[in-house]
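Read the structure below first, then the notes.
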Protein chains: 2
Amino acid sequence: MALGWEDIRTEVLRRIEARHWAPGALIPTEEALAEELGCARTTVNRALRDLAAAGLLERRRKAGTRVALHPVRRARFDIPVTRLEIEGRGQSYAFHLIEERRAEPPAAVASLFRSPPGVPLLRLRGLHLADNRPALYEERWLDPAVLPEPAPDFRRISPNEWLVSHVPWTGGDIAFSAANACPEEADILGCAPGAALFVCERVTEAEGRPITSVRLLHAPGYRLRADL
Amino acid sequence: MALGWEDIRTEVLRRIEARHWAPGALIPTEEALAEELGCARTTVNRALRDLAAAGLLERRRKAGTRVALHPVRRARFDIPVTRLEIEGRGQSYAFHLIEERRAEPPAAVASLFRSPPGVPLLRLRGLHLADNRPALYEERWLDPAVLPEPAPDFRRISPNEWLVSHVPWTGGDIAFSAANACPEEADILGCAPGAALFVCERVTEAEGRPITSVRLLHAPGYRLRADL
DNA sequence: GGTTCCATTATGTGCACACAAATTACGATC
DNA sequence: GATCGTAATTTGTGTGCACATAATGGAACC
């Protein structure tokens, strides 16, 4: 019959959901499950590893595998390039560069970049438009060392998109929050001052050093969906 | 020396980041890589599968493996039980039940639950407190069919926490957005009317049917962090 | 009683092999 | 030239085995 690892996962999941094994309880060893379900231990291992990665099981060597006491919901979502996200909704995309200049960053950003005082970074501000309406306003600091000669024309391609396809990144950090639009932001995004904006702050690193930090302000009405 | 699959992943990642293989380009087959790097194809397979799951590679049978053209950033975050999140910050936790009654849901919720008109759902509203200060206000609709007899005392345990540990869930949906606090919400959360609130809306399902839908309003200042 | 050490045990992972599944490339046929 | 069928290729996965690694529990010892 040939049971696949996904079948094993399904069966284990069924038992968890049916409270066949209570939360916090030990479940049989891989070997026992393999014998019971009629497959190799490798196959059980893969299924259990997958469920553990999903947060449903907790596994420790020697201690065994137990059903997670607090099934942490581990949500995942994709962060597409803004252009693709907008075009994916069937809208036309455009990017409007508001500002591009060298400037000394505020202390918080400077310490983040671990750059010595007096060294300017590249300051970029721009607006992403969907069907010619403001959709996303970005304020960015960028380490000019990553730019080639000649520098890309950010009036034609958004910094985000250029970075994604030209600079190898190795890590970073991302956080979401909500903020009231200040008058200038409201003006740029074409919304009322004080409107609640969905904010995404990102720091992108390469080889352990920050390359760029950006604050993305979404126009009112934006929703970020994730899968459980 | 014994190369582990994580070593292989690291090496492949290095080559991607070093633009050794350009975005969109085909990379060698598993077999070729296994021979070159001196390990079994299984090991290469695991490494490449992992990178593909992370969105860095695209793999298709027979077509081979290529470096993703648009390295979609796939972020993951854990959604802990609110109590654990607050206690994890070293603050004391408390839950205050504001309202519990049977009520007919608005049309949008009724259609979501696919419940016939006239059948009431359980309406719950409550406030999560961190160090006795409002942290999270929740408005929930709950299918009373999942409740045992006697029903749990939601003055003692928050609906969220009770559900997580007593009702097997199989899926759901989650979305984040921002909203201005209406006067009542501002009063409950102890913030200014109109303040930008971070909103989390969740629908939880079991066996394909919605069990509960909830709108979570975080007090101003909340940040949701994720890992890239 | 407490500390150290070690055997036991469950998971983690590598390997060689086999076959399955998908998709492409190519050749045969019309 | 277009269409169809088939073979070749690449990834996907199962199996049995071996050994590595970590954590546990208890024995030995002070």
Side-chain angles (χ1 to χ4, degrees), chain A residues 1-16 20-72 74, chain B residues 1-16 20-69 71-72 74 76:
Chain A
M1 54 177 171
L3 283 184
W5 69 272
E6 292 185 282
D7 300 310
I8 304 298
R9 184 183 57 184
T10 301
E11 172 59 17
V12 172
L13 191 55
R14 193 190 63 73
R15 294 190 185 182
I16 294 173
H20 184 122
W21 299 317
L26 272 176
I27 75 172
T29 67
E30 295 184 346
E31 206 165 8
L33 278 174
E35 186 175 3
E36 182 201 339
L37 300 175
C39 65
R41 185 171 79 91
T42 315
T43 310
V44 174
N45 179 278
R46 177 133 184 218
L48 296 188
R49 250 195 302 121
D50 192 75
L51 287 169
L56 281 149
L57 293 176
E58 286 172 2
R59 324 193 67 202
R60 265 163 51 227
R61 278 167 165 151
K62 161 74 181 176
T65 301
R66 50 183 71 234
V67 180
L69 213 42
H70 291 287
V72 175
R74 201 159 286 161
Chain B
M1 50 177 171
L3 285 184
W5 68 272
E6 292 186 280
D7 300 310
I8 305 298
R9 183 183 59 182
T10 301
E11 172 59 16
V12 172
L13 192 56
R14 193 189 63 74
R15 294 188 186 181
I16 294 171
H20 185 124
W21 298 318
L26 272 175
I27 76 172
T29 67
E30 295 183 345
E31 205 165 8
L33 278 174
E35 187 176 3
E36 183 201 337
L37 300 175
C39 64
R41 185 170 78 90
T42 316
T43 310
V44 175
N45 179 279
R46 175 134 186 215
L48 297 187
R49 250 194 302 120
D50 191 75
L51 287 170
L56 281 145
L57 294 175
E58 286 171 4
R59 324 193 67 202
R60 264 164 50 228
R61 278 167 168 155
K62 161 75 181 176
T65 301
R66 51 183 69 235
V67 180
L69 214 42
V72 176
R74 203 158 286 162
R76 277 180 26 182

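Here is how names work: the chains are called A, B, and so on, in the same order as the sequence lines, proteins then strands, and each is numbered from 1.
- Comparing A:Arg41 and B:Arg49 against DNA chain D, the residue whose closest nucleotide sits nearer the 5' end is B:Arg49.
- Computed from coordinates, the A:Leu26 CG to C:dT9 C1' distance equals 13 Å when rounded to whole Å.
- Nearest approach of A:Arg59 to A:Glu30, heavy atoms of both residues: NH2-OE2, 2.7 Å.
- Counting any heavy atom pair closer than 4.0 Å across all strands shown, A:Thr29 reaches sugar-phosphate atoms only and no base atom.
- Candidate nucleotides C:dC15, D:dA22, C:dT24 were compared by shortest atom distance to the side chain of A:Lys62, and D:dA22 ranks first.
- The minimum heavy-atom distance between A:Cys39 and A:Val44, with the atom names listed, is SG-CG2, 3.6 Å.
- As rounded to whole Å, 15 Å separates atom C1' of C:dG14 from atom CD of B:Glu30.
- B:Thr65 has no side-chain polar atom (N or O) that falls below the 4.0 Å cut-off from OP1 or OP2 of D:dT10.
- Neither OP1 nor OP2 of D:dT10 sits under 4.0 Å from any side-chain N or O of B:Arg59.
- Residue A:Arg61 places its side chain closer to C:dT11 than to any other of C:dC15, D:dG12, C:dT11.
- Remark: C1' of C:dT13 and CZ of B:Arg46 are 7 Å apart, rounded to the nearest angstrom.
- In this structure, B:Glu31 atom CD and C:dC15 atom P are separated by 14 Å, rounded to whole Å.
- If you measure from atom CD of B:Glu58 to atom C1' of D:dT11, you get 15 Å, rounded to the nearest angstrom.
- Here C:dA10 presents its C1' atom at 14 Å from CG of A:Leu57, a figure rounded to the nearest Å.
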- Check step by step if side-chain contact (heavy atoms from CB on, under 4.5 Å) holds for A:Ile16 and A:Ile27. CA-CA 10 Å; A:Ile16 294 173; A:Ile27 75 172; over 6 Å; no
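- Listed here is the closest heavy atom pair of B:Ala47 and B:Trp5: CB-O, 3.5 Å.
- Residue A:Thr43 is classed as a sugar-phosphate contact, given heavy-atom separations below 4.0 Å to backbone atoms only.
- Exactly one residue among B:Leu51, B:Leu56, B:Thr65, B:Val67 makes a side-chain contact (heavy atoms from CB on, under 4.5 Å) with B:Val12. That residue is B:Leu51.
- In this entry the distance linking CG of B:Asp50 with P of D:dT11 reads 16 Å, nearest Å.
- Both A:Leu48 and A:Thr42 sit near DNA chain C, but only A:Leu48 has its closest nucleotide nearer the 5' end.
- Taking the side chain of A:Arg60 as heavy atoms from C-beta on, and the options D:dT24, D:dC17, C:dT23, the nearest nucleotide is D:dT24.
- Atom-to-atom, CZ of A:Arg66 to C1' of C:dT11 comes out at 14 Å; the value is rounded to the nearest Å.
- Between A:Asn45 and the phosphate of C:dG12, there is a side-chain N or O to OP1/OP2 separation shorter than 4.0 Å.
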